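Excluded from the calculations below are hydrogen atoms, water molecules and symmetry mates; all remaining heavy atoms, backbone and side chain alike, are included. It should be emphasised that the depicted structure is a prediction, and the values quoted were computed from it without experimental measurement. Here is the naming used below: chain letters follow the sequence lines, and residue numbers restart at 1 for every chain.
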Amino acid sequence: MQRWLMKTEPDTFSIDDLQRRKIEPWNGVRNYQARNFIRAMRRGDPVLIYHSSCAVPGVAGIGKVASAPYPDPTQFDPKSEYFDAGSDRGDPRWTLVDVAFVRKLQRVITLDELKTLRSLGDFALIRRGNRLSVLPVSKAQWQAILALE
DNA sequence: GCCAACGTTGGC
DNA sequence: GCCAACGTTGGC
């Protein structure tokens, strides 16, 4: 089992939206490194849901991977903002998983707090200039983050 | 294959 | 809204 962190912009899709929907196809990831992490996901893997590009960026809740990785259908939909004319149906370029709601945190654990957590070690989320929207979280990092709740 | 231009992400 | 970081594109 591996642990992950997935970013979402709460103005577009927040932890509350995930709670209402219960399960959501996590479409629109269009970065090869993030895609490769998605392809390594397995059903049941725990996921930190992170709110980005908002007033208080931080970890807002917990989800879990609820499907095997499969081709992101939006890449073949010309009407979708995620359409990719270069993707081949025989060998789709972009992959997603379904993410299920597990719980909201009692409070958002902010990026500011995470930056001060020495125990996180080298963590991609708090590296300067980081833009990865899907990244792995070690067991130690997972526990250190949730200990702040 | 290099690299300048351009686009996107995301914190502030 | 600004801008640093960095990925992608395309001319050469």
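- In this structure, the nucleotide among B/dG10, B/dT8, B/dG11 sitting nearest to the side chain of A/Tyr50 is B/dG11.
- Counting to the nearest Å, the C1' atom of B/dT8 and the OH atom of A/Tyr32 are 15 Å from each other.
- Rounded to whole Å, atom P of C/dG7 lies 18 Å from atom CG of A/Asp84.
- The residue from A/Val47, A/Leu18, A/Leu146 that alone fulfils the side-chain contact (heavy atoms from CB on, under 4.5 Å) condition with A/Ile62 is A/Leu146.
- Taking only side-chain nitrogens and oxygens, A/Lys7 never comes nearer than 4.0 Å to OP1 or OP2 of B/dG11.
- A donor-acceptor pair under 3.5 Å is absent between the side-chain atoms of A/Asp91 and the main chain of A/Asp88, judged by distance alone.
- Side-chain proximity of A/Asp112 to B/dC12, C/dC6, B/dG10: nearest is B/dC12.
- Aromatic ring orientation, A/Trp94 versus A/Tyr32: tilted (interplanar angle from 30° to 60°).
- Spacing between atom CG of A/Asp11 and atom P of B/dG11 amounts to 12 Å, rounded to whole angstrom units.
- For the pair A/Gln33 CD and B/dT9 P, the computed distance is 15 Å after rounding to whole Å.
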Subject >> A/Lys104 vs A/Glu149, salt bridge (Lys or Arg N to Asp or Glu O under 4.0 Å): CA-CA, chis, key distance, verdict >> reply: CA-CA 11 Å; A/Lys104 272 184 80 166; A/Glu149 187 179 0; over 6 Å; no
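- A/Ser53 comes within contact range of at least one nucleobase, with a heavy-atom separation under 4.0 Å.
- C/dG7 atom C1' lies 14 Å from atom CZ of A/Arg93, rounded to whole Å.
- What separates CG of A/Asn130 from P of B/dG11 is a distance of 8 Å, to the nearest Å.
- The CD-C1' distance, from A/Glu9 to B/dT9, rounds to 8 Å in whole Å.
- In this structure, A/Leu125 places its CG atom 15 Å from C1' of C/dA5, rounding to the nearest Å.
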